[in-house]
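Here the structure comes first, spelled out in C-alpha coordinates, and everything after it is commentary.
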Amino acid sequence: MTSAIANPLALIAELTHRCPLHCVYCSNPLELEARAAELSTLDWIRVFREAAALGVLQADFTGGEPLARSDLLDLVRAARTAGLYINLITSGLPLDESRLEALVAAGLDHFQLSFQSAREAVAQEISGTKTHAQKLRVLEWLKRHRVAVTLNFVIHRLNIEQLPEMLALAESSSAGRVEFANVQYYGWAFANRDSLLPTREQLTQSIDFLKKTQERLAGKIKVEYVVPDYYAKYPKPCMGGWGRKLMLITPSGDALPCHAARIIPGLSFENVRNRSVSEIWNSSDAFQKFRGEAWMQEPCKTCDRRTQDFGGCRCQAFLLAADATATDPVCSLGPHRLKVDAILGEINSARARPAPLSAAAPSADLLAKPAWLYRPNPS
Amino acid sequence: MSVDVLSRPRLAPGCRMNEGSQQPRTLLMPERALRLNGPSLEIVERCDGKHTVQEIIAELQELYAKADPAKVEQDILGYLALLEKERALDFEP
Ligand SMILES: C[S@@+](CC[C@H](N)C(=O)[O-])C[C@H]1O[C@@H](n2cnc3c(N)ncnc32)[C@H](O)[C@@H]1O
Ligand code: SF4
Ligand code: SF4
(Lines give C-alpha, C1' and ligand atoms only; values in the text may rest on other atoms or scores of the structure.)
(Ligands and ions follow the chains in the order given, each with its own letter.)
Protein backbone atom coordinates (compact mmCIF):
# COMPACT_ATOMS: atom_id res chain seq x y z
CA MET A 1 0.00 0.00 0.00
CA THR A 2 3.05 2.27 0.12
CA SER A 3 3.01 2.39 -3.67
CA ALA A 4 0.18 4.83 -4.42
CA ILE A 5 0.13 7.46 -1.70
CA ALA A 6 -1.18 10.78 -2.98
CA ASN A 7 0.76 13.92 -2.11
CA PRO A 8 -0.27 16.02 0.84
CA LEU A 9 -2.06 19.22 -0.22
CA ALA A 10 -1.15 21.40 2.71
CA LEU A 11 1.52 21.70 5.33
CA ILE A 12 0.40 22.90 8.73
CA ALA A 13 3.42 24.66 10.20
CA GLU A 14 3.13 25.20 13.94
CA LEU A 15 5.96 27.71 14.04
CA THR A 16 5.93 28.06 17.81
CA HIS A 17 3.80 27.19 20.80
CA ARG A 18 4.49 30.56 22.40
CA CYS A 19 1.42 32.78 22.47
CA PRO A 20 0.42 36.02 24.19
CA LEU A 21 -3.15 34.73 24.66
CA HIS A 22 -4.40 31.97 26.97
CA CYS A 23 -7.60 30.77 25.31
CA VAL A 24 -9.52 28.23 27.32
CA TYR A 25 -10.49 26.40 24.12
CA CYS A 26 -6.98 26.26 22.68
CA SER A 27 -6.54 23.09 20.61
CA ASN A 28 -2.81 22.99 21.33
CA PRO A 29 -1.57 20.01 23.33
CA LEU A 30 -1.41 20.22 27.11
CA GLU A 31 2.32 19.63 26.84
CA LEU A 32 3.47 22.72 24.98
CA GLU A 33 6.89 22.73 23.33
CA ALA A 34 9.49 25.12 24.69
CA ARG A 35 11.18 27.90 22.77
CA ALA A 36 14.59 26.24 23.14
CA ALA A 37 13.36 23.20 21.20
CA GLU A 38 12.03 25.19 18.21
CA LEU A 39 13.28 24.61 14.67
CA SER A 40 15.64 27.26 13.32
CA THR A 41 14.87 29.55 10.39
CA LEU A 42 17.01 27.38 8.10
CA ASP A 43 15.29 24.17 9.22
CA TRP A 44 11.91 25.63 8.30
CA ILE A 45 13.14 26.90 4.96
CA ARG A 46 14.35 23.42 4.07
CA VAL A 47 11.00 21.97 5.15
CA PHE A 48 9.14 24.40 2.84
CA ARG A 49 11.31 23.43 -0.12
CA GLU A 50 10.92 19.72 0.56
CA ALA A 51 7.18 20.09 0.97
CA ALA A 52 6.79 22.05 -2.28
CA ALA A 53 8.90 19.45 -4.09
CA LEU A 54 6.56 16.75 -2.80
CA GLY A 55 3.59 18.59 -4.34
CA VAL A 56 2.28 20.51 -1.34
CA LEU A 57 0.41 23.63 -2.54
CA GLN A 58 -0.37 25.52 0.62
CA ALA A 59 1.26 26.29 3.94
CA ASP A 60 -0.75 27.24 6.99
CA PHE A 61 1.45 29.22 9.35
CA THR A 62 0.01 28.67 12.78
CA GLY A 63 0.97 27.82 16.36
CA GLY A 64 0.82 29.03 19.12
CA GLU A 65 1.11 32.46 17.70
CA PRO A 66 3.13 32.59 14.46
CA LEU A 67 3.67 36.35 14.90
CA ALA A 68 5.70 35.50 18.02
CA ARG A 69 8.49 34.25 15.68
CA SER A 70 10.79 37.18 15.04
CA ASP A 71 11.93 35.56 11.76
CA LEU A 72 8.38 35.33 10.36
CA LEU A 73 9.18 37.68 7.50
CA ASP A 74 12.03 35.43 6.32
CA LEU A 75 9.82 32.36 6.63
CA VAL A 76 7.06 33.93 4.53
CA ARG A 77 9.52 34.98 1.86
CA ALA A 78 11.13 31.53 1.75
CA ALA A 79 7.85 29.63 1.63
CA ARG A 80 6.58 31.87 -1.15
CA THR A 81 9.82 31.47 -3.10
CA ALA A 82 9.45 27.71 -2.71
CA GLY A 83 6.08 28.08 -4.50
CA LEU A 84 3.66 27.73 -1.59
CA TYR A 85 0.45 29.68 -0.98
CA ILE A 86 0.77 31.15 2.49
CA ASN A 87 -2.05 31.44 4.95
CA LEU A 88 -1.29 33.12 8.27
CA ILE A 89 -3.53 31.85 11.07
CA THR A 90 -3.19 34.38 13.83
CA SER A 91 -4.59 36.13 16.86
CA GLY A 92 -3.27 39.42 15.43
CA LEU A 93 -0.50 40.19 17.87
CA PRO A 94 2.29 41.18 18.22
CA LEU A 95 1.70 43.19 15.04
CA ASP A 96 1.81 46.78 13.86
CA GLU A 97 0.87 48.23 10.51
CA SER A 98 4.37 48.31 9.07
CA ARG A 99 5.05 44.68 9.96
CA LEU A 100 1.78 43.74 8.25
CA GLU A 101 2.81 45.64 5.12
CA ALA A 102 6.19 43.89 5.12
CA LEU A 103 4.59 40.45 5.45
CA VAL A 104 2.29 41.14 2.53
CA ALA A 105 5.15 42.45 0.42
CA ALA A 106 7.08 39.27 1.24
CA GLY A 107 4.29 37.18 -0.30
CA LEU A 108 1.72 36.47 2.39
CA ASP A 109 -1.43 35.39 0.51
CA HIS A 110 -4.13 35.29 3.13
CA PHE A 111 -4.70 36.36 6.71
CA GLN A 112 -6.98 34.45 9.06
CA LEU A 113 -7.70 36.54 12.12
CA SER A 114 -9.29 34.89 15.12
CA PHE A 115 -11.66 36.64 17.51
CA GLN A 116 -12.85 35.28 20.84
CA SER A 117 -16.08 37.25 20.67
CA ALA A 118 -17.55 40.48 19.33
CA ARG A 119 -17.71 41.67 22.96
CA GLU A 120 -14.66 42.83 24.79
CA ALA A 121 -15.67 41.34 28.15
CA VAL A 122 -16.28 37.86 26.74
CA ALA A 123 -13.04 37.99 24.74
CA GLN A 124 -11.20 38.89 27.91
CA GLU A 125 -12.70 36.04 29.88
CA ILE A 126 -11.99 33.47 27.16
CA SER A 127 -8.47 34.59 26.21
CA GLY A 128 -7.40 35.66 29.70
CA THR A 129 -6.04 38.87 28.12
CA LYS A 130 -7.04 42.34 27.00
CA THR A 131 -6.40 41.88 23.30
CA HIS A 132 -9.75 42.61 21.65
CA ALA A 133 -9.01 46.26 20.83
CA GLN A 134 -5.77 45.29 19.06
CA LYS A 135 -7.70 42.83 16.88
CA LEU A 136 -10.07 45.62 15.85
CA ARG A 137 -7.07 47.74 14.86
CA VAL A 138 -5.66 44.87 12.80
CA LEU A 139 -9.00 44.64 10.96
CA GLU A 140 -8.68 48.28 9.95
CA TRP A 141 -5.14 47.76 8.63
CA LEU A 142 -6.24 44.69 6.68
CA LYS A 143 -8.96 46.74 5.02
CA ARG A 144 -6.63 49.63 4.25
CA HIS A 145 -4.05 47.35 2.63
CA ARG A 146 -6.63 45.21 0.81
CA VAL A 147 -5.34 41.99 2.32
CA ALA A 148 -7.45 38.87 1.74
CA VAL A 149 -8.94 38.03 5.12
CA THR A 150 -11.01 35.39 6.84
CA LEU A 151 -12.42 36.03 10.29
CA ASN A 152 -12.43 33.04 12.60
CA PHE A 153 -14.74 32.85 15.58
CA VAL A 154 -14.49 29.83 17.84
CA ILE A 155 -18.01 29.10 19.08
CA HIS A 156 -19.06 27.70 22.45
CA ARG A 157 -21.72 27.97 25.11
CA LEU A 158 -20.75 31.48 26.19
CA ASN A 159 -20.82 33.11 22.77
CA ILE A 160 -23.09 30.98 20.57
CA GLU A 161 -26.00 33.35 21.19
CA GLN A 162 -23.94 36.31 19.98
CA LEU A 163 -23.59 35.20 16.36
CA PRO A 164 -25.47 38.27 15.02
CA GLU A 165 -22.95 40.58 16.70
CA MET A 166 -20.02 38.62 15.32
CA LEU A 167 -21.59 38.70 11.90
CA ALA A 168 -22.05 42.47 12.13
CA LEU A 169 -18.36 42.78 12.91
CA ALA A 170 -17.55 40.64 9.85
CA GLU A 171 -19.84 42.67 7.61
CA SER A 172 -18.26 45.93 8.70
CA SER A 173 -14.82 44.53 7.84
CA SER A 174 -13.29 43.62 4.48
CA ALA A 175 -13.45 39.87 5.17
CA GLY A 176 -14.33 37.67 2.21
CA ARG A 177 -14.89 34.68 4.46
CA VAL A 178 -16.01 34.16 8.00
CA GLU A 179 -15.68 30.90 9.89
CA PHE A 180 -17.87 30.05 12.83
CA ALA A 181 -16.03 27.04 14.15
CA ASN A 182 -17.57 25.28 17.09
CA VAL A 183 -14.93 24.19 19.54
CA GLN A 184 -13.33 20.85 18.76
CA TYR A 185 -12.55 19.04 21.96
CA TYR A 186 -8.80 18.45 22.08
CA GLY A 187 -6.04 19.87 24.23
CA TRP A 188 -7.16 22.69 26.50
CA ALA A 189 -10.65 22.57 25.03
CA PHE A 190 -11.03 18.98 26.21
CA ALA A 191 -9.96 20.02 29.69
CA ASN A 192 -12.56 22.83 29.71
CA ARG A 193 -15.18 20.92 27.76
CA ASP A 194 -18.00 20.90 30.23
CA SER A 195 -18.00 24.70 30.40
CA LEU A 196 -17.79 25.08 26.63
CA LEU A 197 -20.26 22.64 25.06
CA PRO A 198 -23.39 24.47 23.91
CA THR A 199 -26.85 23.15 24.70
CA ARG A 200 -28.91 21.46 22.03
CA GLU A 201 -31.31 24.37 21.99
CA GLN A 202 -28.53 26.88 21.46
CA LEU A 203 -27.14 24.77 18.66
CA THR A 204 -30.45 24.42 16.81
CA GLN A 205 -31.00 28.17 16.89
CA SER A 206 -27.50 28.90 15.67
CA ILE A 207 -27.80 26.53 12.72
CA ASP A 208 -31.07 28.16 11.76
CA PHE A 209 -29.61 31.63 11.93
CA LEU A 210 -26.50 30.73 9.95
CA LYS A 211 -28.43 28.99 7.17
CA LYS A 212 -30.37 32.19 6.56
CA THR A 213 -27.21 34.23 6.79
CA GLN A 214 -25.43 32.08 4.23
CA GLU A 215 -28.22 32.74 1.74
CA ARG A 216 -28.33 36.44 2.48
CA LEU A 217 -24.60 36.93 2.03
CA ALA A 218 -24.05 34.59 -0.93
CA GLY A 219 -21.44 36.08 -3.29
CA LYS A 220 -20.47 38.72 -0.69
CA ILE A 221 -19.10 36.86 2.31
CA LYS A 222 -18.58 33.13 2.38
CA VAL A 223 -19.96 31.94 5.70
CA GLU A 224 -18.61 28.60 6.94
CA TYR A 225 -20.03 26.81 9.93
CA VAL A 226 -18.48 23.87 11.69
CA VAL A 227 -20.98 22.14 13.98
CA PRO A 228 -19.80 20.54 17.21
CA ASP A 229 -19.41 16.91 16.28
CA TYR A 230 -20.68 15.69 19.65
CA TYR A 231 -24.13 16.70 18.37
CA ALA A 232 -23.71 15.16 14.93
CA LYS A 233 -24.96 11.78 13.78
CA TYR A 234 -21.78 10.91 11.96
CA PRO A 235 -18.19 11.98 12.66
CA LYS A 236 -16.22 14.56 10.74
CA PRO A 237 -13.65 13.36 8.19
CA CYS A 238 -10.87 14.34 10.55
CA MET A 239 -7.90 15.92 8.69
CA GLY A 240 -9.50 14.69 5.45
CA GLY A 241 -8.39 11.21 6.46
CA TRP A 242 -5.25 10.14 8.31
CA GLY A 243 -2.17 10.67 6.14
CA ARG A 244 -4.28 11.58 3.11
CA LYS A 245 -4.12 15.35 2.73
CA LEU A 246 -2.28 17.10 5.53
CA MET A 247 0.99 17.03 7.38
CA LEU A 248 1.51 18.97 10.58
CA ILE A 249 4.97 19.96 11.78
CA THR A 250 5.27 20.86 15.46
CA PRO A 251 7.54 23.71 16.62
CA SER A 252 10.34 21.24 17.36
CA GLY A 253 10.01 19.50 13.98
CA ASP A 254 7.99 16.38 14.71
CA ALA A 255 5.72 15.42 11.80
CA LEU A 256 2.17 14.57 12.92
CA PRO A 257 -0.83 13.31 10.92
CA CYS A 258 -3.16 15.34 13.18
CA HIS A 259 -2.95 18.11 15.80
CA ALA A 260 -3.65 15.82 18.70
CA ALA A 261 -1.85 12.67 17.48
CA ARG A 262 0.69 12.84 20.29
CA ILE A 263 -1.91 11.66 22.80
CA ILE A 264 -2.24 8.27 21.11
CA PRO A 265 -0.03 5.80 22.98
CA GLY A 266 2.44 3.73 21.01
CA LEU A 267 2.81 6.12 18.09
CA SER A 268 6.30 7.42 17.43
CA PHE A 269 6.96 10.44 15.27
CA GLU A 270 9.75 11.24 12.87
CA ASN A 271 11.45 14.62 13.02
CA VAL A 272 12.22 16.81 10.01
CA ARG A 273 15.70 17.32 11.39
CA ASN A 274 16.48 13.67 10.62
CA ARG A 275 14.26 12.67 7.67
CA SER A 276 12.95 14.45 4.61
CA VAL A 277 9.31 15.48 4.36
CA SER A 278 8.79 13.02 1.53
CA GLU A 279 10.31 10.06 3.40
CA ILE A 280 8.16 10.86 6.41
CA TRP A 281 5.02 11.20 4.34
CA ASN A 282 5.57 8.02 2.40
CA SER A 283 6.90 5.63 4.97
CA SER A 284 6.90 6.83 8.59
CA ASP A 285 5.10 4.54 11.04
CA ALA A 286 2.88 7.31 12.36
CA PHE A 287 1.54 8.22 8.91
CA GLN A 288 1.09 4.57 7.92
CA LYS A 289 -0.65 3.59 11.13
CA PHE A 290 -4.24 4.63 10.26
CA ARG A 291 -3.85 5.17 6.54
CA GLY A 292 -6.33 3.26 4.43
CA GLU A 293 -8.79 0.85 6.04
CA ALA A 294 -6.80 -2.10 7.35
CA TRP A 295 -6.91 -0.81 10.95
CA MET A 296 -10.70 -0.41 11.04
CA GLN A 297 -13.05 -2.34 13.30
CA GLU A 298 -16.73 -3.01 12.75
CA PRO A 299 -18.99 -1.18 12.02
CA CYS A 300 -16.57 1.05 10.05
CA LYS A 301 -14.93 -1.88 8.21
CA THR A 302 -18.07 -2.62 6.22
CA CYS A 303 -19.84 0.76 6.37
CA ASP A 304 -20.60 2.66 3.16
CA ARG A 305 -19.57 5.97 4.71
CA ARG A 306 -16.00 4.87 5.39
CA THR A 307 -14.72 6.51 2.20
CA GLN A 308 -16.31 9.81 3.26
CA ASP A 309 -15.46 10.10 6.96
CA PHE A 310 -12.66 7.50 7.25
CA GLY A 311 -14.17 6.30 10.51
CA GLY A 312 -13.82 9.75 12.10
CA CYS A 313 -11.13 10.99 14.41
CA ARG A 314 -8.53 8.62 15.88
CA CYS A 315 -7.66 11.00 18.69
CA GLN A 316 -11.29 11.38 19.69
CA ALA A 317 -11.66 7.58 19.68
CA PHE A 318 -8.75 7.38 22.07
CA LEU A 319 -9.92 10.28 24.25
CA LEU A 320 -13.48 9.01 24.66
CA ALA A 321 -13.21 5.23 24.22
CA ALA A 322 -9.57 4.62 25.20
CA ASP A 323 -9.06 2.82 21.87
CA ALA A 324 -7.54 4.67 18.92
CA THR A 325 -8.80 2.04 16.46
CA ALA A 326 -12.42 2.28 17.57
CA THR A 327 -15.19 3.89 15.53
CA ASP A 328 -15.27 7.58 16.44
CA PRO A 329 -17.51 7.67 19.53
CA VAL A 330 -19.69 10.42 18.08
CA CYS A 331 -20.86 8.02 15.36
CA SER A 332 -24.45 6.91 16.01
CA LEU A 333 -23.73 3.56 14.34
CA GLY A 334 -20.84 2.76 16.66
CA PRO A 335 -20.72 1.08 20.09
CA HIS A 336 -19.39 4.12 22.01
CA ARG A 337 -22.08 6.69 21.19
CA LEU A 338 -23.55 6.15 24.67
CA LYS A 339 -20.53 7.90 26.15
CA VAL A 340 -21.14 11.02 24.08
CA ASP A 341 -24.85 10.92 24.86
CA ALA A 342 -24.04 10.80 28.57
CA ILE A 343 -21.88 13.92 28.25
CA LEU A 344 -24.62 15.73 26.32
CA GLY A 345 -27.19 14.61 28.88
CA GLU A 346 -25.23 16.38 31.60
CA ILE A 347 -24.87 19.56 29.56
CA ASN A 348 -28.55 19.65 28.67
CA SER A 349 -29.82 19.06 32.18
CA ALA A 350 -30.67 22.43 33.73
CA ARG A 351 -28.31 21.81 36.67
CA ALA A 352 -25.13 22.10 34.65
CA ARG A 353 -25.92 25.33 32.88
CA PRO A 354 -23.93 28.34 34.04
CA ALA A 355 -25.33 31.81 33.69
CA PRO A 356 -24.42 33.20 30.28
CA LEU A 357 -21.78 35.86 30.42
CA SER A 358 -22.73 39.31 29.30
CA ALA A 359 -21.50 42.80 29.94
CA ALA A 360 -25.03 44.04 30.58
CA ALA A 361 -26.05 41.45 33.13
CA PRO A 362 -23.10 40.11 35.09
CA SER A 363 -23.70 36.70 36.54
CA ALA A 364 -25.02 36.98 40.08
CA ASP A 365 -24.20 33.41 40.90
CA LEU A 366 -20.43 33.36 41.12
CA LEU A 367 -20.44 29.66 41.91
CA ALA A 368 -21.84 28.96 38.47
CA LYS A 369 -18.88 30.64 36.84
CA PRO A 370 -16.69 28.15 35.04
CA ALA A 371 -13.40 27.29 36.71
CA TRP A 372 -11.32 27.77 33.59
CA LEU A 373 -8.04 26.06 32.96
CA TYR A 374 -6.16 28.72 30.97
CA ARG A 375 -3.57 27.73 28.39
CA PRO A 376 -0.19 28.98 29.65
CA ASN A 377 2.73 30.33 27.66
CA PRO A 378 5.54 27.75 27.38
CA SER A 379 9.04 28.60 28.56
CA MET B 1 -26.80 35.88 -8.59
CA SER B 2 -26.34 36.34 -12.30
CA VAL B 3 -23.20 37.45 -14.05
CA ASP B 4 -23.22 40.86 -15.77
CA VAL B 5 -21.70 40.32 -19.24
CA LEU B 6 -20.35 43.87 -19.36
CA SER B 7 -18.41 43.55 -16.10
CA ARG B 8 -14.71 42.68 -15.95
CA PRO B 9 -13.96 39.75 -13.65
CA ARG B 10 -10.65 39.61 -11.83
CA LEU B 11 -9.28 37.22 -9.23
CA ALA B 12 -10.25 38.36 -5.74
CA PRO B 13 -7.56 39.18 -3.17
CA GLY B 14 -6.18 35.93 -1.78
CA CYS B 15 -6.77 34.04 -5.04
CA ARG B 16 -3.99 33.46 -7.52
CA MET B 17 -2.60 30.95 -9.98
CA ASN B 18 0.39 28.89 -8.92
CA GLU B 19 3.70 29.89 -10.50
CA GLY B 20 3.93 29.37 -14.26
CA SER B 21 6.53 26.64 -13.93
CA GLN B 22 4.39 24.50 -11.62
CA GLN B 23 2.19 21.78 -13.10
CA PRO B 24 -0.69 21.24 -13.16
CA ARG B 25 -1.90 24.84 -13.32
CA THR B 26 -3.88 25.45 -10.16
CA LEU B 27 -6.02 28.26 -8.81
CA LEU B 28 -5.02 28.77 -5.18
CA MET B 29 -7.42 30.29 -2.69
CA PRO B 30 -8.06 30.25 1.05
CA GLU B 31 -8.42 26.62 2.16
CA ARG B 32 -8.91 25.46 -1.42
CA ALA B 33 -7.12 24.69 -4.65
CA LEU B 34 -8.74 24.12 -8.04
CA ARG B 35 -6.87 22.28 -10.79
CA LEU B 36 -7.44 24.01 -14.09
CA ASN B 37 -7.13 22.64 -17.58
CA GLY B 38 -8.57 23.27 -21.03
CA PRO B 39 -11.51 25.68 -20.95
CA SER B 40 -11.36 26.38 -17.19
CA LEU B 41 -7.74 27.50 -17.54
CA GLU B 42 -8.58 29.61 -20.61
CA ILE B 43 -11.38 31.32 -18.65
CA VAL B 44 -9.41 32.03 -15.48
CA GLU B 45 -6.42 33.35 -17.44
CA ARG B 46 -8.75 35.98 -18.88
CA CYS B 47 -10.13 37.04 -15.49
CA ASP B 48 -7.65 39.89 -15.37
CA GLY B 49 -9.89 42.89 -14.74
CA LYS B 50 -9.45 43.91 -18.40
CA HIS B 51 -11.57 41.43 -20.37
CA THR B 52 -15.33 41.85 -20.07
CA VAL B 53 -17.36 38.68 -19.68
CA GLN B 54 -18.61 39.28 -23.22
CA GLU B 55 -15.06 39.38 -24.55
CA ILE B 56 -14.13 36.20 -22.71
CA ILE B 57 -17.11 34.49 -24.29
CA ALA B 58 -16.19 35.70 -27.76
CA GLU B 59 -12.57 34.63 -27.43
CA LEU B 60 -13.48 31.17 -26.22
CA GLN B 61 -16.09 30.72 -28.91
CA GLU B 62 -13.32 31.37 -31.39
CA LEU B 63 -10.91 29.07 -29.60
CA TYR B 64 -13.45 26.27 -29.45
CA ALA B 65 -14.88 26.92 -32.91
CA LYS B 66 -16.15 23.37 -33.25
CA ALA B 67 -18.33 23.62 -30.14
CA ASP B 68 -21.85 25.05 -30.13
CA PRO B 69 -21.40 28.79 -29.34
CA ALA B 70 -24.51 28.89 -27.15
CA LYS B 71 -23.16 25.99 -25.10
CA VAL B 72 -19.76 27.68 -24.73
CA GLU B 73 -21.49 30.83 -23.46
CA GLN B 74 -23.60 28.86 -21.01
CA ASP B 75 -20.59 26.96 -19.68
CA ILE B 76 -18.61 30.15 -19.15
CA LEU B 77 -21.44 31.91 -17.31
CA GLY B 78 -21.90 28.82 -15.16
CA TYR B 79 -18.22 28.61 -14.35
CA LEU B 80 -17.95 32.31 -13.50
CA ALA B 81 -20.98 32.03 -11.21
CA LEU B 82 -19.33 29.08 -9.46
CA LEU B 83 -16.12 31.02 -8.94
CA GLU B 84 -18.13 33.98 -7.68
CA LYS B 85 -19.81 31.74 -5.14
CA GLU B 86 -16.37 30.62 -3.99
CA ARG B 87 -15.50 34.31 -3.55
CA ALA B 88 -12.71 33.81 -6.07
CA LEU B 89 -13.77 36.68 -8.37
CA ASP B 90 -14.49 40.37 -8.11
CA PHE B 91 -16.45 41.97 -10.95
CA GLU B 92 -15.28 45.43 -11.94
CA PRO B 93 -17.68 47.72 -13.77
C1 LIG C 1 -4.51 27.00 17.71
S2 LIG C 1 -4.81 28.48 16.83
C3 LIG C 1 -3.18 29.09 16.45
C4 LIG C 1 -3.19 30.42 15.71
C5 LIG C 1 -3.48 31.68 16.50
N6 LIG C 1 -2.88 31.65 17.81
C7 LIG C 1 -4.97 31.90 16.62
O8 LIG C 1 -5.54 31.56 17.64
O9 LIG C 1 -5.54 32.43 15.66
C10 LIG C 1 -5.39 27.93 15.22
C11 LIG C 1 -6.86 28.20 14.88
O12 LIG C 1 -7.66 27.29 15.56
C13 LIG C 1 -8.70 27.96 16.23
N14 LIG C 1 -8.94 27.13 17.41
C15 LIG C 1 -8.20 27.08 18.54
N16 LIG C 1 -8.68 26.13 19.36
C17 LIG C 1 -9.73 25.56 18.74
C18 LIG C 1 -10.63 24.50 19.08
N19 LIG C 1 -10.53 23.84 20.22
N20 LIG C 1 -11.59 24.16 18.20
C21 LIG C 1 -11.70 24.82 17.01
N22 LIG C 1 -10.88 25.81 16.63
C23 LIG C 1 -9.90 26.18 17.49
C24 LIG C 1 -8.18 29.35 16.48
O25 LIG C 1 -9.22 30.29 16.61
C26 LIG C 1 -7.38 29.57 15.23
O27 LIG C 1 -8.19 30.01 14.17
S1 SF4 D 1 -4.18 30.44 23.12
FE2 SF4 D 1 -5.66 31.28 21.66
S3 SF4 D 1 -4.47 32.66 20.42
FE4 SF4 D 1 -3.00 31.31 21.49
S5 SF4 D 1 -2.63 29.58 20.12
FE6 SF4 D 1 -4.30 28.99 21.40
S7 SF4 D 1 -6.12 29.57 20.23
FE8 SF4 D 1 -4.41 30.70 19.34
S1 SF4 E 1 -19.53 3.37 11.19
FE2 SF4 E 1 -17.51 4.23 10.83
S3 SF4 E 1 -17.46 4.67 8.62
FE4 SF4 E 1 -19.61 4.34 9.20
S5 SF4 E 1 -20.42 6.41 9.60
FE6 SF4 E 1 -19.71 5.57 11.57
S7 SF4 E 1 -17.58 6.26 11.75
FE8 SF4 E 1 -18.16 6.54 9.61
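Note that the structure is predicted; figures quoted are calculated from it, not measured. Per chain, numbering begins at 1; letters A, B, ... match sequence-line order.
A/E224 is not listed as a side-chain neighbour of B/E31, based on a closest heavy-atom distance of 4.5 Å or more. With a 4.5 Å cut-off on side-chain heavy atoms, A/D109 and B/L28 do not count as touching.
Most heavy-atom pairs under 4.5 Å with chain B: of the set A/A10, A/A52, A/A148, this distinction falls to A/A148. Counting heavy-atom pairs closer than 4.5 Å to chain B, the top-ranked of the candidates A/Q112, A/R146, A/K222 is A/K222.
Neither the backbone nor the side chain of A/L108 comes within contact range of chain B; no heavy atoms are under 4.5 Å apart. When heavy atoms are compared at a cutoff of 4.5 Å, A/E179 approaches chain B solely by way of its side chain, counted from C-beta outward.
Taken from CG in A/L84 to CD in B/E19, the straight-line distance is 10.0 Å, to the nearest 0.5 Å.
Summarising the geometry of A/H110 relative to B/P30, their closest heavy-atom pair is CD2-CG, 3.5 Å, with the distance given to 0.1 Å.
Between the A/Y85 side chain and the B/G14 main chain, a donor and an acceptor come within less than 3.5 Å of each other. Within the 3.5 Å criterion, the main-chain N or O of B/M29 finds a donor-acceptor partner in the side chain of A/Q58.
Remark: B/R35 CZ is loosely packed, at most 12 non-hydrogen atoms of other residues, nucleotides or ligands lying under 6.0 Å away. In this structure, A/R49 places its CZ atom where only 12 or fewer heavy-atom neighbours from other residues, nucleotides or ligands lie under 6.0 Å away.
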